[in-house]
Amino acid sequence: MSILTILEFPDERLRKIAKPIKDIDSSLQTLIDDMLETMYHTGGIGLAATQVNVHLRLLVIDTSEEKNAPLCLINPEIISKDGEFEYKEGCLSVPESYEKIIRPGHIIVKGLDRNGKEIEIEANDLLSTCIQHEIDHLNGKLFIDYLSQLKRQRIKTKIEKMHRLEGKA
Ligand code: NI
């Protein structure tokens, strides 16, 4: 397994629309394992393939306290949503930025598990937020897109400064 490099805002590759997965083969299993390892290594609770520059509809999540309940969703699709839940969201692609976002607090999502078996998940609160946040990534959307342009610009300036200090840009 290996730790993958995570793209960071304002990288334009985070804006690509991911394609549906057709083949659940061994290279996909390796990608899933690498994404899980990368998520656990960085202390994240979710990671979308888009964030590691793979533009396929795949995400991994673990919102458990013990970090022992990995969830993998292939070609996820929200089939119903209702309610409201507010959470101070962060993102591995938007370092050191946390903002309150309101999303539907109850969703039903369908997709495939890592073996290609159809699954349907009913999610509330944090898990609901996390799944929606990761599906947004697959559609080229970031949580900061829900903020005002002024707030987003402030975050952009801060991250670009960090990247300059790190010699990344
Ligand atoms: Ni994210």
Side-chain angles (χ1 to χ4, degrees), residues 1-21 27-28 30-64 67 70-78 81 84-105 107 109 111 123 125-169:
M1 286 199 277
S2 42
I3 307 289
L4 306 169
T5 303
I6 295 173
L7 301 178
E8 291 183 356
F9 176 73
D11 195 311
E12 279 302 311
R13 291 171 290 182
L14 288 167
R15 299 303 186 180
K16 287 194 184 181
I17 311 285
K19 293 196 167 72
I21 290 175
S27 66
L28 190 75
T30 304
L31 174 63
I32 292 166
D33 288 335
D34 288 347
M35 282 174 59
L36 282 167
E37 196 183 14
T38 304
M39 178 182 74
Y40 288 127
H41 176 80
T42 49
I45 58 173
L47 186 67
T50 306
Q51 293 177 274
V52 295
N53 200 26
V54 176
H55 302 282
L56 294 173
R57 304 193 78 81
L58 164 67
L59 54 90
V60 296
I61 286 175
D62 191 341
T63 54
S64 69
K67 300 287 162 214
L71 169 69
C72 167
L73 267 175
I74 294 168
N75 301 339
E77 218 180 299
I78 293 170
K81 50 184 169 184
E84 262 186 18
F85 180 67
E86 184 183 76
Y87 187 70
K88 201 164 188 185
E89 294 189 28
C91 179
L92 296 172
S93 294
V94 188
E96 290 171 45
S97 304
Y98 301 89
E99 298 287 343
K100 279 183 188 168
I101 307 286
I102 298 171
R103 299 182 187 262
I107 61 167
V109 63
D125 303 343
L126 178 58
L127 182 58
S128 164
T129 280
C130 192
I131 291 172
Q132 292 173 75
H133 175 121
E134 301 311 330
I135 290 176
D136 273 354
H137 275 302
L138 304 180
N139 295 323
K141 190 164 183 174
L142 299 170
F143 81 96
I144 51 173
D145 297 351
Y146 296 100
L147 305 173
S148 68
Q149 201 185 336
L150 180 68
K151 267 194 174 174
R152 195 162 53 248
Q153 185 56 46
R154 256 190 231 136
I155 290 169
K156 186 172 178 235
T157 304
K158 185 180 80 177
I159 294 175
E160 282 176 336
K161 188 178 172 197
M162 276 169 47
H163 286 169
R164 276 197 304 277
L165 291 171
E166 290 164 10
K168 277 191 195 170

Any chance NZ of Lys67 has more than 12 other-residue heavy atoms, nucleotides or ligands included, within less than 6.0 Å? yes
pair Leu126-Ile45: side-chain heavy atoms closer than 4.5 Å: yes
Taking C-beta and beyond as the side chain, do Leu147 and Ile155 meet within less than 4.5 Å on heavy atoms? yes
Is there a side-chain contact between His163 and Ile159 in this structure, where contact means two heavy atoms from C-beta onward sitting under 4.5 Å apart? yes
Heavy-atom closest contact (Ala49 atom, Leu56 atom, distance): CB-O, 3.4 Å
Ignoring hydrogens, what is the shortest heavy-atom contact between Ser2 and Glu37? Give both atom names and the distance. N-OE1, 3.1 Å
Find the distance between CD (Gln153) and CD1 (Ile144) and round it off to the nearest 0.5 Å. 10.0 Å
Can you name the nearest heavy-atom pair linking Ile21 to Asn75, along with the distance? N-OD1, 2.8 Å
Carefully, step by step, assess Leu7 and Gln51 under the rule side-chain contact (heavy atoms from CB on, under 4.5 Å). CA-CA 5 Å; Leu7 301 178; Gln51 293 177 274; 5.7 Å; no
Which atom names give the shortest non-hydrogen contact between Pro104 and Ser128, and what distance separates them? O-OG, 2.9 Å
Nearest-0.5 Å distance, CE of residue Met35 to CG of residue Leu28: 9.0 Å
Could you tell me whether the side chain of Arg57 reaches within less than 4.5 Å of the side chain of Asn139, counting heavy atoms only? yes
Let me see the working for Asp136 and Asp145 under side-chain contact (heavy atoms from CB on, under 4.5 Å), right down to the final yes or no. CA-CA 10 Å; Asp136 273 354; Asp145 297 351; over 6 Å; no
Does the side-chain contact (heavy atoms from CB on, under 4.5 Å) test come out yes or no for Val109 and Ile135, once each step is laid out? CA-CA 10 Å; Val109 63; Ile135 290 176; 4.1 Å; yes
Specify the closest pair of heavy atoms between Pro70 and Tyr40, including all atoms of both residues, with the distance to one decimal. CB-OH, 3.5 Å
I want to check something: taking the side chain as every heavy atom from C-beta on, are Cys91 and His137 in contact at a cut-off of under 4.5 Å? yes
Do Lys141 and Tyr146 meet the cation-pi criteria used here (NZ or CZ under 6.0 Å from the six-membered ring centre, within 45° of the axis)? yes
When rounded to the nearest 0.5 angstrom, what is the spacing between NE2 in His133 and OH in Tyr87? 10.5 Å
Can you confirm whether more than 12 heavy atoms, excluding those of Lys158, are under 6.0 Å from its NZ atom? yes
Measure the spacing between CD1 of Ile131 and CG of Leu73 and express it to the nearest 0.5 Å. 6.0 Å
Member of Glu86, Lys81, Glu89 meeting the side-chain contact (heavy atoms from CB on, under 4.5 Å) criterion with Arg103: Glu89
To the nearest 0.5 Å, tell me how far Phe9 CZ sits from Leu142 CG. 7.0 Å
For a quick test of reading the model, state the closest non-hydrogen atom pair linking Leu92 to Gly46 and the distance between them. CD1-O, 4.1 Å
Between Thr38 (side chain only) and Leu36 (backbone N and O only), is there a donor and an acceptor less than 3.5 Å apart? no
Going from NZ on Lys16 to CG on Asp11, what distance comes out if it is rounded to the nearest 0.5 angstrom? 9.5 Å
The single option from Lys151, Arg152, Lys88 passing salt bridge (charged side-chain N to carboxylate O under 4.0 Å, His left out) against Glu99: Lys151
With Leu47, the side-chain contact (heavy atoms from CB on, under 4.5 Å) member among Ile61, Asp62, Leu59, Ile6: Ile6
